[in-house]
Amino acid sequence: MKHLSKKELFSIPNLMGYFRLVMIPVFVWLYLHAVTDADYYRAALVMGISSITDMFDGMVARKFNMITEFGKFLDPLADKLTHGAILLCLLSRYPLILLLVVLFAAKEGFMLVMGAIKLRQGKKLDGAMWFGKCCTALLFVVLFLFLLFPHMPIPLVNGLILLCGVVMAVTLVMYVRVFRRM
């Protein structure tokens with residue numbers, strides 16, 4: 001593995017990635033200790049700031065030619081850990097979220113194992129596919145809505161969970177097809 005320079009490790013986009021990682025335990029603590037609506041809004045604010053940082057790190061990296069191999073690893077790692085933390089926290093409030101936790105683990109586990117296998121064969125998936133990005137965006141928007149509106153009617157919550165579950169399952173099937181063709 002190539003030695004990572006200080007310039008690469010401490011680039012502005014990577015610093016934003018580290019910030020997003022630090023926000024995860026802050027969010028988890030805020031959410032799990034929330035009692036009032038204001039407490040839930042504070043947790044949602046932390047995730048909102050994290051998502052804005054996620055948007056800006058990519059823009060800064062592209063605009064100022066600061067794209068690094070380490071950043072290509074760090075950014076999706078921060079995404080997955082953030083989504084996983086939100087899902088697990090929401091599980092304490094919405095039992096059907098377990099469906100998304102299982103699908104998320106299956107999809108990300110598949111991607112990790114197949115990515116490692118293909119990498120050993122000298123092949124790699126160069127970034128997320130459009131359907132993976134759509135799935136991630138939908139998941140984040142829905143999870144953020146659950147954070148922002150803690151009293152959303154349960155039938156609506158369950159409908160959104162099922163929608164995300166279907167999209168996640170279809171995304172997994174599409175990634176299986178991509179890896180089969182590689």
Stepwise side chain to side chain contact (heavy atoms under 4.5 Å, CB included) test for R42 and Y31: CA-CA 8 Å; R42 277 190 277 285; Y31 190 85; over 6 Å; no
Is there a donor-acceptor pair under 3.5 Å between the side chain of [X] and the backbone N or O of [Y]?
| X | Y | answer |
| --- | --- | --- |
| E8 | F70 | yes |
| R93 | P150 | yes |
| T171 | V167 | yes |
| N158 | P155 | no |

CA sep, side-chain torsions, deciding dist, call: R20, L81, side chain to side chain contact (heavy atoms under 4.5 Å, CB included): CA-CA 9 Å; R20 288 173 52 217; L81 292 175; over 6 Å; no
F131 and V178: CA distance, side-chain angles, deciding distance, side chain to side chain contact (heavy atoms under 4.5 Å, CB included) verdict: CA-CA 11 Å; F131 48 86; V178 166; 3.8 Å; yes
Can you tell me how far the [atom1] atom of [X] sits from the [atom2] atom of [Y], to the nearest 0.5 Å?
| X | Y | atom1 | atom2 | result |
| --- | --- | --- | --- | --- |
| C134 | L138 | SG | CG | 9.0 Å |
| L90 | L147 | CG | CG | 5.0 Å |
| I161 | L143 | CD1 | CG | 8.5 Å |
| D79 | S50 | CG | OG | 8.5 Å |
| L99 | Y94 | CG | OH | 16.0 Å |
| F140 | S51 | CZ | OG | 4.0 Å |

F110/Y175 aromatic ring centres below 6.0 Å: no
Side-chain heavy atoms of [X] within contact of [Y], under 4.5 Å:
| X | Y | value |
| --- | --- | --- |
| E108 | L112 | no |
| L77 | F73 | yes |
| K6 | L9 | no |
| D54 | T82 | no |

Please tell me whether [X] and [Y] are part of a single hydrophobic cluster in this structure, the criterion being side-chain heavy atoms less than 4.5 Å apart.
| X | Y | answer |
| --- | --- | --- |
| W29 | L87 | yes |
| V173 | M168 | no |
| F144 | V141 | yes |
| V101 | L160 | yes |
| L163 | L139 | yes |

Please report the shortest heavy-atom distance between [X] and [Y], naming the atom on each side.
| X | Y | answer |
| --- | --- | --- |
| V35 | Y40 | O-CE1, 4.4 Å |
| L74 | N14 | CD2-O, 3.4 Å |
| F146 | V157 | CZ-O, 3.6 Å |
| F27 | C89 | CE2-SG, 3.8 Å |
| M47 | M23 | CE-O, 4.2 Å |
| A78 | G17 | CB-O, 4.3 Å |

Reference residue L91; test side-chain contact (heavy atoms from CB on, under 4.5 Å); the match among L100, I86, L96, I97: I97
Partner set under ring pair (Phe, Tyr, Trp, His ring centres under 6.0 Å) for Y41, not counting sequence neighbours: none
Residues forming a ring pair (Phe, Tyr, Trp, His ring centres under 6.0 Å) with Y18, sequence neighbours excluded: none
Pair D39, T36: side-chain N/O donor-acceptor within cut-off below 3.5 Å: yes
Residues that R62 engages under side chain to side chain donor-acceptor pair (under 3.5 Å), provided they are two or more places apart: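 Listed in chain order: nothing, the list is empty.
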All pairs passing side chain to side chain donor-acceptor pair (under 3.5 Å) where residues 135-155 contributes a residue, at least two apart: D37-H151
Residues clustering with L119 (ILVMFWY side chains joined when closer than 4.5 Å, directly or via others): none
Hydrophobic cluster of M66, others only, ordered by chain and residue number, side-chain cut-off 4.5 Å: I12, M16, I52, M55, F56, M59, V60, F64
Candidate pair F10 and L15, rule side chain to side chain contact (heavy atoms under 4.5 Å, CB included), full reasoning: CA-CA 6 Å; F10 297 107; L15 288 173; 3.9 Å; yes
